[in-house]
Amino acid sequence: MGLVLLIIIWLITIISSYFFVARTWWFPVGASAAAASIDHYFTVTLLLMGIVFVAAQGILGFFAWRYRDRGTSSVAHYSHGNDRLEIAWTALTFILFVGLNLMSSSIWASERFRPAQPGAVQVEVTGMQFQWYFRYPGPDGKFGATKPELIDPSIGGEGAVGLDATDPASKDDLVTGTMYLPVGREAEVILRAHDVIHSFFVPGMRFKQDAVPGLAIHMHFTPISTGDYEIVCAELCGLGHYKMHGMLKVVSQQEFDAWLAARESEKQ
Amino acid sequence: MTILTSAENFSHAGLQQLEMRLRRARLGLGVGVLGIVMVFVSFTSAYIVRQGLPTLDPRTNTLIRDWFPLPLPALLFFNTGLLLVSSVTMELARRQVARSTTPTRAASIPNVFAGREGTILWLALTAVLGVSFLKGQWTVWREMEASGFYVASSPSSSFVYLLTGTHGVHLLGGIFALLSAGATVLFRRPAESRVVVLDVTAWYWHFMTLLWVYILCLLEFAR
Amino acid sequence: MVEAQAHAQAHAGPQGFIRKWVFSLDHKVIGLQYYFLALTAVFVGMFLSLLMRIHLIWPSVSLPLFGEIKPEAYLSLLTMHGTIMVFFVLTTAPQGGFGNYFLPIQIGAADMAFPVINMLSFWVTFLAYMVMLSAFFVTGGAPLHGWTGYPPLSALPSAGPGEALGADLWVISIALFCIGALMSALNFITTTLDMRARGMSLMRMPLTCWAWFITAILGLLAFGVLLAAGILLLLDRNAGTSFFVPLVTINGQLAGHKGGSPLLWQHLFWFFGHPEVYIAILPAMGLCSQLVSVFSRKPIFGYKAMVYAMLSIGIMGFMVWGHHMFMSGMSPYSGFAFSVMTMAIGVPSAIKTFNWLGTLWGGKIRFSSPMLFAIGFVSLFVSGGISGPFLAQPVLDIPLHDTYFVTGHFHLIMGVASIFGIFAATYYWFPKMFGRLMNERLARWHFWFSLVGTYAIFMPMHYLGMAGHPRRYSELTEVGYLHNLLPLQKFITYVAFITIAGQFIFLFNLFWSMKFGKKASDNPWEATTLEWTTATPPPHDNFAGRTPVIHHGPYEYSVPGEPRDFVMQTDPLTVAVR
């Protein structure tokens, strides 16, 4: 039985580890400025934790076999432990775990502690059951007022966010169901929700943030490759949670300006 | 007015047994009280958080604070007085029964009833005061409603109802405990049970009073 | 003298059926009641998860009796699966079940401190269970807001099917459960502090007792917070208050609330929720220590360290709740603080793992069924624990939060490891409770099905998570990149079928052995703790009127110079004194 345990535990360990190392199912290609450091940090964590995982399971399996009861030839070693060893492995574990954590603190700080840079593209992202809407402030650079009473998803766009037409700043606001961003420029997203908590998750951008009713949460990220990136909802929001998805299209600055201009002229 | 008969004196072993039961019961009550305290710690933290919480006003897209403290009806303070007095009467009942464990006769104190009838009287008084307190709290609610402050009218009114209501429910439990303690005093044979039951009931009652004073201070000063 | 008299009086116990088996005050009967409640709950919970797995990969299949699993049903299944498993299995069986049965005996007491409260705590829990199940049968059905119940989704009756009456019943059930849990915690703490037999110092208690004790303290301090949150949620749902709900519109209509904070619920819930996961795992950790010692014939490696580790896990468990909220909109500075604390709490867990390995080292291992599950527990604890540090870094939580990576993590560490603890406890203490041994052959089949099966179900979920697969999706057809992950989802469902089938081996073994199992001696495992000194099953007052006196620690195995390879805690002093 000891040998069987060793074999099965080692097999489970090897097979699980294989799929991590082989990256059979893996993160999508990182397309934001932060992705490289996040992915690198993930790899470091995976390596260190992987070593611990393999070592612990390996030792477990080995001990189960090595110290099996072999009848009169095996004698258990009477000991209540070893204080020096305890202190040693406690200290090492503490250094490993906390050290690992502090390593990532600078990435977290740069992602979350500082506000968006001036000149960032502003997009207000609003989540509601079960659709994402994206509002651009237009040439005046100001978001117009919204009124909850005016919210009417059935007329789409402006109606969905409850845009208040009486506010002059609203005139040039653009509301779309697809998100466009220019490549290489920092984007400031302002996350809002109308009804329940949603979460704006773009795997390719390594970006996720809950959209909470009652709050307008300012975040930023910088797309660095053009392409289409799927947006999904990552906080259970009701029946349609699974189909609350959208698309982020990252295009060149020119294409972005052209797209904005085309949308603006459509409004007239 | 019967004074303790010698049959109810405690032997040394009996006192040891009583001490053990008392210690255990008090420990249990202390632990239970800690559990209840956590409920009110949570309410307190929600209260403080809510006071300072800004919320997004979608019309102006700015964060606003919407906490307006509620004026507390004066009746609340009168009710507090009732509860404080009830703690005194409760304590008198508890001490009276506790004294019955001493091997010597209880020294007679002028104007204080001794014996089981006395204890019942103090318990009854405590219960009456407790019920009056609850009736008073109910009246406070009516007064608040008359001034237009219902449970959902404003964040501060919600908390007033919440805190007074939850405390009231626990106090009602205490009143049932009083009734049970009264029954114990009247009908239970072992004197030891009377001491323990009265003791636990009394400390729970004092906790209710203390909790109420805390809630009042919170509502009055942390606005 | 008086104590012996009291014990003699208590010796016999009540004889009528109702007072002996229904409203029993005997901690052993109450323990069994909790255990069998958990047993039904775990099969209900497993059945719900099977329906979930079927729906995910065959959305339009029509099941016999059941019909088609509608999309709204999936989220209700998910919610109830989580709620029933976490509360009515993981918080009942290890603590209310085995803790109730064996804590008094292991410390040398005749019963719990407050038997009436003990009885009430079970029946309140039972009532909570009935209320929870009733949510399935009301208009709108069971709620769909997940076991975490985040408002505004859980606070607005019109936010989805099941969110009206079903959600009210859910909250009420949880509130009742909190009350039952608080009563139970009261008993455990008082009993451990005040009723240990002579010689049973705290540092001579078996680690199971330490685990139950610390778990009870966690429960005492945490369940009140959940109760408070539940009360606030009920008020928001039914009295129009706005503790948790800001100004929202639902289905185009203003919901009538304003100013509340959804984050407030999350803080309150997780302040309870994180200690709760330690409540679910600590008893299993205590038992694992017990079992690796008994079945390696060696003292536990580092008893004191094990105690301090559990204490630190308990204390620090109250300081890490924010790691469930890194993406919630909470201040990123708080996030940083919580994450450092979370990594720190990994340290005592690691110490415990080292000490279990240290106990195996140099041992003389017997592979009886309890030991198999104890070894399985260590393996699963390592696996589930290792994925924790990933999620504990907020930066890595960005891509991983609310994906299947989290689902895989908590199922391995909380779901499976804890359940292995329950299995191990069953195989271990069955002979003491029922006087017979469970069948070893069937036990081994059960073990392999469960170990390999659960790894095959939950390890792949980590891969799904890394690939960006969000949680709680009832259909996998809408999002483009999920198409490639469907084969892996299919694999998980197939394995789930097999693994669940394997659990019926256990169920059969359990009931068959009660009648037909090989008769057991009073101490079939040759263990040292007090429950193995009693008759089988123990009499009503556990020690037949005698009060045990303790001379040794609980792990005196293979003591040099002793005639047998174990010294009972009550054996008179000879060579080994600790």
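Atom set for the values below is all heavy atoms of this structure, side chains included, hydrogens, waters and symmetry mates excluded.
Interface residue C:Ile375: backbone and side-chain heavy atoms are both found under 4.5 Å from chain A. Both the backbone and the side chain of C:Tyr481 come within less than 4.5 Å of a heavy atom of chain A. Only the side chain of C:Pro470 comes within contact range of chain A, with heavy atoms under 4.5 Å apart. C:Leu488 touches chain A through its side chain: at least one heavy atom from C-beta onward sits under 4.5 Å away, while N, CA, C and O do not. Residue contact with chain A, scored on non-hydrogen atoms closer than 4.5 Å, involves the backbone and the side chain of C:Leu153 alike. Residue C:Tyr150 touches chain A through its side chain alone, counting heavy-atom pairs closer than 4.5 Å. Using a 4.5 Å cut-off between heavy atoms, C:Trp356 makes no contact with chain A at all. Proximity to chain C is limited to the side chain of A:Ile12, based on heavy atoms less than 4.5 angstrom apart. For C:Ala255, no part lies near chain A; criterion is any non-hydrogen pair under 4.5 Å. Both the backbone and the side chain of A:Phe42 come within contact range of chain C, judged by heavy atoms closer than 4.5 Å. Residue C:Ser379 touches chain A through both its backbone and its side chain, counting heavy-atom pairs closer than 4.5 Å. For C:Phe295, no part sits under 4.5 Å from any heavy atom of chain A, backbone or side chain. Proximity to chain C is limited to the backbone of A:Ile15, based on heavy atoms less than 4.5 angstrom apart.
Inter-residue side-chain proximity for A:Val75 and C:Lys364 is flagged as unmet; no heavy-atom pair is nearer than 4.5 Å. Looking at heavy atoms from C-beta onward, C:Met306 lies out of side-chain contact with C:Tyr303 at the 4.5 angstrom threshold.
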* **Residue pair A:Arg112, C:Asp397: steps toward the salt bridge (charged side-chain N to carboxylate O under 4.0 Å, His left out) verdict** => CA-CA 13 Å; A:Arg112 303 271 164 145; C:Asp397 199 46; over 6 Å; no
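Ranked by heavy-atom pairs shorter than 4.5 Å toward chain A, the options C:Pro460, C:Ser383, C:Gly252, C:Pro151 are led by C:Ser383.
Within a 6.0 Å sphere centred on CZ of A:Arg114, other residues, nucleotides and ligands contribute more than 12 heavy atoms.
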